[in-house]
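Notes for the one structure printed next.
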Number of protein chains: 2
Amino acid sequence: MPRAVTLKDIARETGVHVSTVSRALDPRARDSLTVEVVKKVNETAQRLGYRPNRLAAGLRTKRTRTVGLIIPDITNPLFPPIVRGVESILEPLGYVSIIVNTDGRQDRERSQMQVLLEHGVDGVVHAAMERDASHYTDLQDRNVPIVTVNRRLDVDGLPSVVNDDAEGIHEMFRLLYEAGHRRIAHIAGPPTISTGVERLAAFREAAKAFGVSVPDAYIVESEKFLFEEGHRCAAKLMALADPPTAILAANDGLALGAIQLLRDRGLGCPEDVSVTGFNNSDVLSLVPPGLTTVGVDKTGIGKASATLLISRIDNPEDPETPHLVQPIEVVIRGSIAPPPRAGRQDPL
Amino acid sequence: MPRAVTLKDIARETGVHVSTVSRALDPRARDSLTVEVVKKVNETAQRLGYRPNRLAAGLRTKRTRTVGLIIPDITNPLFPPIVRGVESILEPLGYVSIIVNTDGRQDRERSQMQVLLEHGVDGVVHAAMERDASHYTDLQDRNVPIVTVNRRLDVDGLPSVVNDDAEGIHEMFRLLYEAGHRRIAHIAGPPTISTGVERLAAFREAAKAFGVSVPDAYIVESEKFLFEEGHRCAAKLMALADPPTAILAANDGLALGAIQLLRDRGLGCPEDVSVTGFNNSDVLSLVPPGLTTVGVDKTGIGKASATLLISRIDNPEDPETPHLVQPIEVVIRGSIAPPPRAGRQDPL
DNA sequence: CTGTTAGCGCCTTCAT
DNA sequence: ATGAAGGCGCTAACAG
């Protein structure tokens, strides 16, 4: 069990002092040294297989090259690409990420932040879905930079990166409108989730923008962003005396559930009812009829948030708190068609 | 920017020495102290919001309560549940995980291990897919315990946790056999991937066990575990003079690609050709006809590997290197039917 | 039962 | 241009 090589070992080997070794290995301090010394030190470091002890360095410098990544649940397909995006920026810079899952629970969020603090993270990327403004006080007290990704906070002062949800909803609405639909319903996300309320608000905006009136009954709130909920909510919609000819769902899962409900009722998508989703989940191309949806750049928001975080870490005094909005992409598949004739005969 | 509270602060506040504070906070050393002192120290620690500095402690004790998690790509749906499983065990024990992605590249695996070492991880869980036995020498030299998960290594000496691939393939074969199939083909995984060769070997075993002879042309090797490859390989199979009546694919993606090929050719699954997969990916229930497949307990292997790792960390002298095999589950959906009449008329 | 001492590995003045 | 010395926060002998 050969002990790890330390500066001291290199010092002994080369005959110079430890602090000289430290300087020779530090690109920023290197030039105050003889080229020969630098060369010899680096060579022996190489030869002995020296690896800096980040703990010791961190203890001294208060910089650990570690960042915390707080996410609700890595199992939710939304987050792995974000994580990958973050790492694609951080890793080349020599940072490692400590990932913690919170399941969206405030108590866990709090305690996990403490854990990150204990490990001396240089910064934190917080990916979340809940709407509540979490208590970042501990981090801010300790002056640890934090960036939120994937949701805009109610209360603010922190940099954030989000997708352009409003634009995505607007474009889905436009597609339905231009196909001829006027009876357009919305299966909304849970009111506790940030994207749930954002997309609902955007839906209302879009309806107004296109001059389409939406009866209250055309807006159904789901309890979770899941297939089953889409199914349940679509059932409520299709049970109306005046059912919609199109359903704009707040995400893909809800949309797929809605399509299933239609099928159960003997209705076809898109012939009888058009449906749209949000997120462009990987599997969509496989499941008929192919959901028209909003593609979001998950890796992109991850990258952007990491870039933002690094700039905060490197310039702690910079007072800016940018709010980045990542553009979305319209993904057209087969789930939209003009409304059926019966639909057209109804008075607008 | 209030500096973090340290032992020294508590010492000053309570009037006892730093080392006494340290002891009072350590459950194992606590009982050599007066209850009053312990009480007072803990109260003030609480009041001041003391959080131990893990870096400093780690520098002293060589234990950081940090483990490394090496995976090819968190974006591959196979890994998030494993990660979650690992964390479900580690987090309650006070460990955090540093996750690094390697894209399965040896050079990155090597360099990332160095990075983990620099950060003083107490152990490493290595999830991998490639067959090559990686060089764990650096870790082993430093006496850092390591557990591999999701693949068995060619060369060994390390504890590992894998799924019971052989059993899964055997069961799929049985299902097909019992439905009446005798012309059963295999779309194999890439030969560079551990599960690829394992499942191919298991397929040959199963065929032998059931007394079914498999022509060479009935085994097609894919280059990646992907839909497109399943499509391509199935095309080769169905172009044979004597095409199979059943396709046992090495994973779900390949199976779905095969089903798509059948559809392209105007053939139905399961009426014309039966198909089976492996992994029980989340989406399968949504895509017709519902793939019959092998369910693997990803969270379970994650948990098992973490448990194994902890026991290695706690008992470094223990010479055992267990190889755990996690049981699989047969998931029956609609993709198997008896072979069509035409198939039966062929000579066996 | 508690204080003293030393040092983990590194960086950073301060001297020379 | 390099060495000496101190200390980051914590723990672990060793004293007493």
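Labels below follow one simple rule: chain letters A, B, ... track the order of the sequence lines, proteins then strands, and each chain is numbered from 1.
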Whether B:D73 side chain and B:T75 backbone form a donor-acceptor pair below 3.5 Å:
yes
Could you tell me the separation between the CG atom of A:L59 and the P atom of C:dG7, rounded to a whole number of Å?
17 Å
Tell me whether the OP1 or OP2 atom of C:dC1 has a side-chain N or O from B:T20 closer than 4.0 Å.
no
Distance alone, cut at 3.5 Å: any donor-acceptor contact between the side chains of A:H126 and A:T148?
no
Output a table of nitrogen or oxygen pairs between the protein and nucleotides 10-13 of chain D separated by less than 3.5 Å.
residue : atom : partner : partner atom : Å
D:dC10  : OP1  : B:Y50   : OH           : 2.6
D:dC10  : OP1  : B:N53   : N            : 3.3
D:dC10  : OP2  : B:L7    : N            : 2.6
D:dT11  : OP2  : B:S22   : OG           : 3.0
D:dT11  : O2   : B:R60   : NH1          : 2.0
D:dA13  : N6   : B:R23   : NH1          : 3.3

NE2 of A:H119 versus C1' of D:dG9: gap in Å, rounded?
15 Å
Nearest 0.5 angstrom please: A:N163 CG to A:R151 CZ, how far?
14.5 Å
N/O (side chain, A:S32) to phosphate O (OP1/OP2, D:dT2) under 4.0 Å:
no
Any chance the side chains of B:E87 and A:N101 put a donor and an acceptor closer than 3.5 Å?
yes
A:L25 atom CG is separated from C:dC10 atom C1', nearest whole Å, by 11 Å
Flag the pair B:R84 and A:D103 as a salt bridge only when some basic side-chain nitrogen lies within less than 4.0 angstrom of an acidic carboxylate oxygen.
yes
For atom CZ of A:R63 and atom P of C:dC10, their distance in whole Å:
18 Å
To the nearest Å, give me how far apart CZ (B:R12) and P (D:dG9) are.
11 Å
Rounded distance (Å) that lies between atom P of C:dC8 and atom CG of A:L55:
14 Å
Which of these, B:D122, B:V121, B:L309, sits in a side chain to side chain contact (heavy atoms under 4.5 Å, CB included) with B:Y95?
B:D122
Spacing of A:R30 atom CZ relative to C:dT12 atom P, expressed in whole Å:
15 Å
CG of A:D9 versus C1' of C:dC8: gap in Å, rounded?
13 Å
